[in-house]
Amino acid sequence: MNRLPTVLRQHIAALRAILVFTVICGIIYPVVMYGVAQAAFPDQANGSVVSAGGRVVGSSLLCQEFADAKGNPLPRYFQPRASNAVSASDKAGYGCDPRFSAASNLGPNNPMLRQAVQQRRASIAKFNGVSPSQVPPDAVTSSASGLDPDISPQYADIQVNRVAIARHWPAATVRALVGKYTQGRTLGFLGEPRVDVLNLNIALDQLTS
Amino acid sequence: MSSSLAGFLQLGLLVVALAACYKPLGDYIARIFTSEKHLRAEKALYKTMGVEADADQRWGTYARSLLAFSLISVLFLYLIQRIQEWLPYSNGMANVSPVTAFNTAASFVTNTNWQNYSGESTMGYVTQMAGLAVQNFASAAVGIAIVVAMIRGFTRTKTDRLGNFWVDLTRVTIRLLLPMSVIGAIILTATGVVDNFSLTHTISTLAHTPQSIVGGPVASQEVIKEMGNNGGGFYNANSAHPFENPSPFSNWFEIFLILVIPFALPRAFGKLVNDNRQGYVLVAVMASLWLISVAGISYFEWQHAGPALQSAGAAMEGKEVRFGIPGSSLFAGSTTATSTGAVNSFHDSFTAFGGGIVLFNMMLGEVVPGGVGAGLYGLLMLSMLTVFVGGLMVGRTPEYLGKKIRPPEMKYAALYILATPACALTGAALSLGFKAPRSVIFNPGPHGLTEVIYAYTSMANNNGSAFAGLGTAATWYQVTGGIVMLLGRFAPEIFVLALGGSLARQQAVPASAGTLETHKPLFAGMLVGVIIILVGLTYFPALALGPFAEGLH
């Protein structure tokens, strides 16, 4: 090999190097980590899947739509944040589609965003029978991933009465459940208090049955 | 506890954790390069690669090895994307189009990880794992290798040899990146980051609507994406995606991973030049500018200026509830102050000034603390400029770490400093000069201008975060972007190596009464001044027309 020109030798070494790195960092390492993950943390590694009524209903890490076939929100369920993870081919316009995670990318001065915020504020206030000023910021803005599984405790709070009415339950029962499913900050200071919508809704359904 | 107090504690814990890693990790990195022995595994690798591990290379040979490795990497990554349909676990993805494959290959090889595609709807699992993620390791290792070669220029005298590229590359990967990735991946999986090979499948939700669940070998890729300052997300939403960043703790840990190596490298530098105080000065400069940027972003996001955000009551557009304002601002400041470019919130929807600081962070040239390796060599270049300016003040030949900074060295430093802004501003100016690239700007007014400037600043500085809101799938942006990323990475690296070569040939000069002491606070202050003035002079018009015009509107 030493008789080859230096430039060619360098490129052959480069090719062999990239193949070596591909085997080590691109195949052995991820497959071993996959094995470790599956052995040590199978629930997490497989997407924190949750079941209800004996069937898999989703992941506690991904939001999902609680809407009818026309896309109208179902009053008996807590509603997630607005989502831009929408399939272009989906006629009902469901958000929370994990194949299309995305944000709105609308700027702070964009009139379209302002309009969207105002529309959401009005419709959420009407749907929940609260005054528009009670609707918290996370309810009127769309999330970063389009898959945000959480809402703020404030947004959960304004939905309590509407859910209670739809289920013919006392509001206190629903409120107690919201309290149970509200997570504080990790270690008291990491992140923000939040309510996982899917877990809360599963708990609601289980209480019914 | 108030949200802002919680934010302070989160930042405080991060600073404590990084400070605790500074010495042990920095010393360990230095030992990687001072140890004489090759590990048995490394010897086997050198044999397989067919490289002479004990050959000491001239700077030119070192640079040509780097370029050969990078060229082959681009071609290899391009090829994988173009044939992914026929590879296992393609998850139903078609072959990537030629322009996107070129842009992505250039992007990942240059440690930029700008993404003109959505991971979950473009890339198969094997492409992600054996194509993209391999470059997450390799490009990070290259960055560290280059800075170490440059440091050898300071530590060696009267030689034209800077070390061996293949050895440096292999050692960083085997002794540093891989072991840390193994630990990090396990921790990330524990927090809920997915790691599986299940193909996209549909389930019926609680309300009986169909939902497709996308999986993938994410945890192993996520860790090196953050730690190698790469930033290319497995999914389109990047670290905002709950499968990449599921919880407040995973968020904190990912920010820690982003910062841990860049902040430990000054220690390794201090160790290698046998003067730990030199490392302290550099890390102090890095840390203070990083902290100021994080504080600024947090402040402006709390203020939520802008009619849409005022109407919403908080800057929660494009942010996740579990991270909130503090977790999003800290991530944004850290991902742009390093050349990571991962995002957990969307910078396009930040306030004008919050987004402006994020942009400014990249304009600093990715030096506070900057990308792995790249940040340190950038700051060393600026340090040389600072001693040069100091030398001009007193009228004597400046020196840095016992090496004279003469005209040849200054030429390389000046070229280095000019290369990146030239790529960024030329790219942005050309894009604004033509109708087609202008027509895919998404937001109106100054915000739209910021989107274009942000894109080219991000690509030229090899950050890779996107302000988004720009139709970068257009062929214009794919092709010019790819070129800007390649020039923005390799032109400066060649100047760095050339400078290292020039320094190594010199004899060491003893410090005298006129030497500017580079381990003192005075020097740190001058360095900060030089950085700010340089960036200000270069980018002020762009910043004035973009974020300032929008924020003061």
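All figures in this text were calculated on a predicted structure; none of them were measured in a lab. Each chain gets a letter, A, B and so on, in the order its sequence line appears, and its residues count up from 1. Because only heavy atoms are used, hydrogens play no part in the values below, and waters and symmetry mates are left out as well, while side chains stay in.
- Ring centroids of A:Tyr34 and B:Phe197 are separated by less than 6.0 Å, placing the two rings close together.
- Residues satisfying the salt bridge (Lys or Arg N to Asp or Glu O under 4.0 Å) test with B:Asp195, not counting sequence neighbours, are none.
- Here A:Tyr29 and B:Phe137 bring their ring centres to under 6.0 angstrom of each other.
- Contacts with chain B were tallied for A:Ala103, A:Ala116, A:Ala139, A:Gly107; A:Gly107 has the most, counting heavy-atom pairs under 4.5 Å.
- Using a 4.5 Å cut-off on side-chain heavy atoms (C-beta onward), A:Val57 and B:Ile203 make no contact.
- Counting heavy-atom pairs closer than 4.5 Å to chain B, the top-ranked of the candidates A:Tyr77, A:Phe21, A:Phe66 is A:Phe21.
- The salt bridge (charged side-chain N to carboxylate O under 4.0 Å, His left out) contacts involving residues 50-67 of chain A comprise nothing, where partners must be two or more places apart or lie in separate chains.
- Looking at A:Gln64, the atoms closer than 4.5 Å to chain B (heavy atoms on both sides) sit in the backbone and in the side chain alike.
- Across B:Glu222 and B:Glu244, no two heavy atoms sit closer than the pair OE1-OE1, 2.7 Å.
- Contact tally against chain B (heavy-atom pairs below 4.5 Å) for A:Ser152, A:Ala102, A:Gly47, A:Ser48: the top residue is A:Gly47.
- When the shell of 6.0 Å around CD of B:Glu52 is examined, it contains 12 or fewer heavy atoms from other residues, nucleotides or ligands.
- At a 4.5 Å heavy-atom cutoff, the contact between A:Leu19 and chain B is made by side-chain atoms alone.
- For chain B, the nearby parts of A:Ile18 are the backbone and the side chain; heavy atoms of each come within less than 4.5 Å.
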| said: Using side chain to side chain contact (heavy atoms under 4.5 Å, CB included), reason through B:Ser65 and B:Gln57 one step at a time and then give a plain yes or no. | reply: CA-CA 9 Å; B:Ser65 304; B:Gln57 296 174 323; 3.2 Å; yes
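- Looking at residues two or more places apart in sequence or on another chain, you find a side-chain hydrogen bond (donor to acceptor under 3.5 Å, both in side chains) between B:Glu550 and A:Asn109, B:His447.
- Looking at A:Ala37, both its backbone and its side chain come within 4.5 Å of chain B, counting heavy atoms on both sides.
- For residues 210-218 of chain B, the interface with chain A (any heavy-atom pair closer than 4.5 Å) comprises B:Gln211, B:Ser212, B:Ile213, B:Val214, sorted by residue number.
- With respect to chain A, the highest number of heavy-atom pairs below 4.5 Å among B:Asn443, B:Thr61, B:Thr450, B:Asn236 belongs to B:Asn443.
- When all heavy atoms of A:Ser142 and A:Ser104 are compared, the closest pair comes out as OG-CB, 3.8 Å.
- The greatest number of non-hydrogen atom pairs below 4.5 Å with chain B, out of A:Gly191, A:Pro108, A:Pro136, is found for A:Pro108.
- Contact count against chain B (heavy-atom pairs under 4.5 Å) is highest for A:Leu147 among A:Ile24, A:Leu147, A:Thr186, A:Asp43.
- Chain A forms the most heavy-atom pairs under 4.5 Å with one residue out of B:Ala308, B:Ala141, B:Ala133, B:Ser70, and that residue is B:Ala308.
- We find that A:Glu192 and A:Arg185 are joined by a salt bridge, their nearest charged nitrogen and carboxylate oxygen being less than 4.0 Å apart.
- Taking A:Val117, A:Leu61, A:Val140, A:Asp148 one by one and counting their heavy-atom pairs under 4.5 Å with chain B, the maximum is reached by A:Asp148.
- Below 30°, between 30° and 60°, or above 60°: for B:His241 and B:Tyr235 the angle between ring planes is below 30°, a parallel geometry.
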